[in-house]
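Structure first, commentary second.
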Number of protein chains: 2
Amino acid sequence: MLPIKMEEKLDPRVKRTRELLEKAFMEVINEKGFQTITVQDITERAGVNRATFYAHFADKFALLDHSIRQQFIQEIDKRMLNACHFTMDNLRNLIIAVCEFIRNANSKCKPAQSQFETLVEAQVKEVLYDLLLKWLEQARTSTEPEIAATATSWAIYGLALQWSHTKKPEAVEKFADEVLPLIASNLQLVEAA
Amino acid sequence: MLPIKMEEKLDPRVKRTRELLEKAFMEVINEKGFQTITVQDITERAGVNRATFYAHFADKFALLDHSIRQQFIQEIDKRMLNACHFTMDNLRNLIIAVCEFIRNANSKCKPAQSQFETLVEAQVKEVLYDLLLKWLEQARTSTEPEIAATATSWAIYGLALQWSHTKKPEAVEKFADEVLPLIASNLQLVEAA
DNA sequence: GCTCCATTGTTGCTTAGGCAACAAAAATTC
DNA sequence: GAATTTTTGTTGCCTAAGCAACAATGGAGC
């Protein structure tokens, strides 16, 4: 159950092809690095026609974007059994998910991948925004949901990034507890009767 | 490289679908047993449409046949790097492959699967026949290749089955060495200058 | 017996994927 | 820097897979 988009009953063939491409992409990228790989490398590994690749992604950069996004969504799924609505616990898990994701991204892509950081940031904030917006639309807020969602997504990412640079990884939960009230206040939620 | 049929450049989609069905079949069969599973179970697990199943197999029995055959072919592939032509070593490995395959089949399908033994026998002998025939057609024989291939395939299977009932599994290689001359004589090969 | 429900095969129609060929853009090589 | 190869996107045509609906079969339960 994806937290953002509910699975829109997409054609099994499409699902299969995307998964094959994503899987192959991760494999090949770990062997040769992003710069050197070609679309051919990916499609050959995936056992998918090259023309089919272009039916799904504009180029390998688009696949990279999509891949980052999917991995982050998976990170969320892993940590939040029910992300459909807001609870303090869900919010806490969400913060932890962002921290862990950034930490993994940094550790995996250490060499010369500061290029990736921008992409990661963009994807993560987008997913965060969508999820938070969904939560806020189901609740009462004292601000426009779009405003609160933007502020909160930026705040979460900024804090998580800072944490990943300074704090030790063991303290994720502690860190989450620390910033939870601050983040929550960004949501501008009004208590319901 | 399959030993029997050279890979006839079959459509990637066909290959994919068959593999998905085979994989799902093995999974489901290990969970519920062959009798109780339905075609739906298999196709749902595989993520393949039920109609597509029937485009490939007449029914679950046909898939069972195909599955047994494939597993035996895999057993051969595992043990024979180059099965394209006859050598004493290839023949020895072939004998070992049959022994191991029967042993595995018996150990896995202990309960109430004597029904399967007939199917296993049929498939194994068929694959053996095809492979031996290919070998013999590349060589000089003092008999019709079809005759020699039939006799040899039956002989190999019979001996392997007897071995699986009586001898201890450790002695596969020893057993193979023991029967190798006898089996080889069945091939009716004439030494080439 | 009977109904009810699940499963089976089959069918026509739609959609996604494979393939080959192409021109254009990058890289390589020399 | 010219020539050659590789890679890239794109296209039209063909085939395989998805889907929904159907009648038919076959149990399971009453």
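Per chain, numbering begins at 1; letters A, B, ... match sequence-line order.
Rounded to whole angstrom, the span from the NZ atom of A:K15 across to the P atom of D:dA17 amounts to 17 Å. What separates CZ of A:F53 from P of C:dG18 is a distance of 13 Å, to the nearest Å. One atom, CG of B:D11, and another, C1' of C:dG17, lie 8 Å apart when rounded to the nearest Å. In this structure, B:R18 atom CZ and D:dA16 atom P are separated by 10 Å, rounded to whole Å. Between A:D59 atom CG and C:dA26 atom P the separation is 13 Å, expressed in whole Å. Atom P of nucleotide C:dT7 and atom CG of B:D41 are separated by 7 Å, given to the nearest angstrom. Between A:L10 atom CG and C:dT15 atom P the separation is 15 Å, expressed in whole Å. With rounding to whole Å, A:F61 atom CZ is found 14 Å from D:dG9 atom C1'.
Taking the six-membered ring for Trp and the full ring otherwise, the centers of B:Y157 and B:F101 sit at least 6.0 Å from each other. For A:F25 and A:F57, the ring centers sit 6.0 Å or farther from each other.
Ion pairing between a basic and an acidic side chain is recognised when a charged N comes within 4.0 Å of a carboxylate O; B:K15 and B:E19 show such pairing. Under a 4.0 Å N-O distance rule, the pair B:D41/B:R50 does not qualify as a salt bridge.
Heavy atoms of B:R16 sit under 4.0 angstrom from primed sugar atoms or phosphate atoms, though from no base atom. Contacts of A:A55 with the nucleic acid, taken as non-hydrogen atoms under 4.0 Å apart, are absent.
Regarding contacts with the backbone of C:dG9, a side-chain N or O of B:Y54 is found under 4.0 angstrom from either OP1 or OP2. Distances shown here put every side-chain N or O of B:N49 at or beyond 4.0 Å from the OP1 or OP2 atom of D:dA17. Residue A:H56 has a polar side-chain atom (N or O) positioned under 4.0 Å from OP1 or OP2 of C:dG17.
At a cut-off of 3.5 angstrom, counting only N and O atoms as typed in the model, there is a donor on one side and an acceptor on the other between the side-chain of A:R13 and the base of D:dA17. One donor-acceptor pair, N or O on each side, does fall under 3.5 Å between the base of C:dG9 and the side chain of B:R50.
When distances are taken from the side chain of A:V14 to each of C:dG17, C:dG9, D:dA20, the shortest belongs to C:dG17. Closest contact between the side chain of B:Q40 and the listed nucleotides C:dG18, C:dT8, D:dA17 involves C:dT8.
Residue-to-nucleotide proximity on DNA chain D shows that, of A:T38 and A:P12, the 5′-proximal contact is made by A:T38.
B:L132 approaches B:S153 most closely through the heavy-atom pair CD1-N, 3.7 Å.
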